[in-house]
Amino acid sequence: YMTIPILLVVRATPEQLVADPLIMRRMAVWGDAILVGVWGATLSSAVGSILGAPRVLQALARDRVLPGAFRFLGSGSGPEDQPRAGTAATLAVALVTVMLGNLDVVAPILTMFFLATYGVLNVTAGLERFLGNPSFRPRFRVHWIWSLAGATGCVGVMFLINSGATIAALLIVGAIYLWLERSEIQSAWGDVRSGVWLNVMRVGLLRIRSEPDVKNWRPHLLVLSGAPTRRWHLVEFASELAHNRGLLTVSSILPEESVTANRIERMTATINEFLVRNGVRGLVRLVRAPTPFRGARRLVEAYGLGALVPNTLVLGASEREEHRSEYCEMIAYFHRARRNVIVVRWNDSSGFGRRRRIDVWWGGLNRNGGLMLILAYLLRTSLPWRAADVVVKMAVPSEEAAAVARRNLDRIIGTSRTGARSEILVRHDRDFADLLRESSSDADLVFLGLAEPGERFEEYYASLQGRTAGLPTTAFVLAAEDLAFGEVIC
């Protein structure tokens with residue numbers, strides 16, 4: 001095949017090649033042999049198309065690859081299931097082509113699709129060889145560089161022949177691809193894209209540094225939601241923080257004795273479908289354990305791959321006194337494991353309100369304050385909270401302290417470029433809990449810092465629940481990651 005174009009270039013000028021379609025007949029020792037060869041190749045291709053094309057149309061229609069209007073092509077006749085409808089369609093296409101009366105019109109179109117087919121085949125073979133999938137074991141082995149070179153050559157030749165037809169052919173191939181994507185056809189064969197993504201993921205995981213990077217930090221969230229339908233607000237809250245950029249995993253702890261591996265697979269598939277239907281892009285992880293608290297510890301300890309592990313946990317607030325001890329011990333374990341914790345105390349009557357105002361109660365930049373400001377900013381830049389006003393509030397004992405606090409807080413907020421505004425409140429000997437309820441009663445979401453777990457953390461948590469009773473939906477934030485969140489926000 002490669003000697004033919006070389007021979008043509010040596011024996012004729014480009015002008016002669018364009019002007020005379022039968023230039024090879026004039027070069028040959030016996031010119032009529034060229035005509036005989038053309039007739040033989042034409043008849044061979046015609047017979048092959050008559051036998052093969054109807055079967056291909058029949059298979060495409062039965063696999064629902066073709067649009068619904070062409071499903072009749074999948075019918076068969078007789079004991080051998082002859083594709084008569086497909087044969088009639090093939091005959092109609094051939095007759096229309098012949099009736100054009102000019103093969104020079106048809107030839108570029110056929111050439112484009114032949115070259116496009118060869119190009120896509122080369123890309124597929126090159127990717128399979130490059131990825132080294134065990135299932136790809138062809139008898140004829142070609143290095144992936146040659147396959148990709150062949151694909152590049154196909155596209156280059158297409159543009160040399162007819163750039164307009166090339167663009168049209170590529171658009172049609174792209175339209176077919178989009179059609180198949182939207183059809184969500186269940187295939188019985190593999191997909192090279194999975195191998196590509198696995199290889200990209202492998203390279204990325206090996207390149208990710210184990211130590212945290214301040215300027216590239218974002219929350220990778222593990223949501224301890226249980227059944228998502230019962231605590232959907234946790235999943236919704238985490239999804240709005242993730243922005244479909246950070247990793248989001250929805251997890252549940254199942255009884256260790258009564259749940260089998262097959263049931264876990266079915267439940268995982270069901271939860272995945274539920275998340276997709278509700279527009280949440282995330283992973284699902286189900287774990288068996290004797291108790292939910294022990295299961296959560298196992299999950300945090302083992303879940304993740306390399307340096308890519310969840311850095312922030314989202315869980316609901318425990319209101320049951322008999323579980324308070326285990327619950328607080330679990331939070332302390334999360335803190336020791338260097339995982340940030342967001343405890344969402346849900347208000348059933350108000351929910352997230354109108355998503356118009358977020359109150360952040362400030363306790364300092366280098367503790368929980370930096371993380372709370374980041375979380376408030378992420379919420380405010382999500383679509384559901386896009387009209388929200390972030391108010392950073394700080395309680396001070398006197399007017400003199402208020403002036404200094406206002407200057408410092410305005411400087412921090414200005415440097416952070418989060419679009420928040422400050423509000424300094426003077427306590428005037430009032431209890432902080434009363435000031436908190438009075439100032440944030442009409443907020444849609446309240447962020448409060450959570451103290452680091454210590455010896456009396458259970459008592460502290462019980463008193464915190466009492467002091468914040470009656471507030472709108474509140475997120476208690478505990479920064480535990482070995483990271484300067486002040487540098488992230490500023």
Side-chain angles (χ1 to χ4, degrees), residues 219 221-242 248-254 270-271 274-275 277-280 282 291-293 296 312-328 330-331 334 341-361 372 375-376 378-380 382-391 393 432-450 458 460-478:
L221 300 152
L222 177 62
V223 186
L224 303 173
S225 64
T229 53
R230 297 176 59 185
R231 286 187 170 182
W232 178 248
H233 59 275
L234 294 179
V235 180
E236 187 178 23
F237 175 76
S239 177
E240 290 161 1
L241 287 175
L248 169 63
T249 303
V250 178
S251 63
S252 182
I253 313 301
L254 305 174
T270 301
I271 295 174
F274 181 76
L275 295 180
R277 286 199 306 270
N278 287 275
V280 175
T291 67
F293 305 105
T312 304
L313 308 178
V314 179
L315 59 154
S318 175
E319 306 289 343
R320 300 175 63 174
E321 187 175 351
E322 61 271 22
H323 292 160
R324 186 178 298 154
S325 177
E326 287 184 286
Y327 182 83
C328 291
M330 181 182 68
I331 293 179
F334 294 159
V341 180
I342 306 174
V343 179
V344 179
R345 188 177 191 183
W346 181 247
N347 188 312
D348 290 320
S349 60
S350 62
F352 287 123
R354 300 170 58 202
R355 289 184 166 89
R356 287 291 186 270
R357 196 179 102 197
I358 302 172
D359 282 359
V360 179
W361 284 89
M372 290 193 294
L375 298 176
L378 290 173
L379 279 183
R380 180 177 173 272
S382 68
L383 191 61
W385 292 86
R386 63 188 180 280
D389 186 21
V390 178
V391 184
K393 298 188 173 186
F432 176 75
D434 296 332
L435 181 63
L436 173 64
R437 278 190 288 268
E438 178 186 332
S439 179
S440 293
S441 59
D442 53 350
D444 298 304
L445 179 65
V446 179
F447 278 106
L448 282 172
L450 194 65
E458 185 178 343
Y460 160 79
Y461 183 78
S463 66
L464 181 66
Q465 285 188 314
R467 288 184 286 119
T468 57
L471 280 177
T473 297
T474 304
F476 302 104
V477 177
L478 175 60

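- Using a 4.5 Å cut-off on side-chain heavy atoms (C-beta onward), L234 and W346 make no contact.
- Within the 3.5 Å criterion, the main-chain N or O of P472 finds a donor-acceptor partner in the side chain of T474.
- In the model, D359 has no side-chain atom that pairs as donor or acceptor with a side-chain atom of W361 under 3.5 Å.
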> When you look at V344 and T473, which way does the side-chain contact (heavy atoms from CB on, under 4.5 Å) test go after all the steps?
Replying inline: CA-CA 7 Å; V344 179; T473 297; 4.1 Å; yes
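- From E326, atom CD reaches atom CD1 of I331 across 12.5 Å, with rounding to the nearest 0.5 Å.
- F237 places none of its side-chain heavy atoms less than 4.5 Å from the side chain of V235.
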>> Could you go through V446 and F476, starting from their C-alpha distance and side-chain angles, then the distance that decides it, and tell me whether this counts as side-chain contact (heavy atoms from CB on, under 4.5 Å)?
In response: CA-CA 8 Å; V446 179; F476 302 104; over 6 Å; no
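- A heavy-atom distance below 4.5 Å is found between the side chains of L448 and L436.
- With respect to L315, the side-chain contact (heavy atoms from CB on, under 4.5 Å) criterion is satisfied by exactly one of L222, I342, V223, V343: V343.
- Sorted by first and then second residue, the salt bridge (charged side-chain N to carboxylate O under 4.0 Å, His left out) pairs involving residues 224-233 (not counting sequence neighbours) form an empty list.
- Across all their heavy atoms, D444 and R354 have their closest contact at OD1-N, 3.1 Å.
- For the atom pair OG1 of T291 and NE2 of H323, the computed distance is 9.0 Å after rounding to the nearest 0.5 Å.
- Between E236 and R355 a salt bridge is recorded (basic side-chain N to carboxylate O distance below 4.0 Å).
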>> Would F274 and V280 count as a side-chain contact (heavy atoms from CB on, under 4.5 Å) here? Give the steps.
In response: CA-CA 9 Å; F274 181 76; V280 175; over 6 Å; no
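- The side-chain heavy atoms of M330 and P292, taken from C-beta on, include no pair separated by under 4.5 Å.
- S440 OG to L435 CG: the interatomic distance, rounded to the nearest 0.5 Å, is 8.5 Å.
- Put simply, the side chain of Y327 reaches to within 4.5 Å of the side chain of Y461, judged on heavy atoms.
- By the 4.5 Å heavy-atom criterion applied to side chains, L471 and S441 are not counted as neighbours.
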>> Go through it in stages, so that I can follow the logic: the residues are V477 and V341, the test is side-chain contact (heavy atoms from CB on, under 4.5 Å), and I'd like the CA-CA distance, side-chain angles, deciding distance and then a yes or no.
In response: CA-CA 6 Å; V477 177; V341 180; over 6 Å; no
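- Distance check: S239 OG to N278 CG gives 10.0 Å after rounding to the nearest 0.5 Å.
- Side-chain atoms of N347 come within 3.5 Å of backbone atoms of S349 as a donor-acceptor pair (strictly under, hydrogens ignored).
- V391 has its side chain out of reach of V360: every pair of non-hydrogen atoms, C-beta onward, lies at least 4.5 Å apart.
- Shortest non-hydrogen contact noted between L224 and S251 is CD2-OG, 3.2 Å.
- Under a 4.0 Å N-O distance rule, the pair R345/E319 qualifies as a salt bridge.
- Remark: R356 does not engage D389 in a salt bridge, criterion side-chain N to carboxylate O under 4.0 Å.
- At most 12 heavy atoms of other shown residues, nucleotides or ligands fall within 6.0 angstrom of atom CD in E321.
- When all heavy atoms of S318 and Q465 are compared, the closest pair comes out as O-NE2, 2.5 Å.
- Scanning both residues, A238 and L221, for their nearest heavy atoms gives O-CD1, 3.3 Å.
- R437 places a side-chain N or O within 3.5 Å of a backbone atom of R467 that can act as its donor or acceptor partner.
- Looking at W385 and F352, their side chains come closer than 4.5 Å, going by heavy atoms from C-beta outward.
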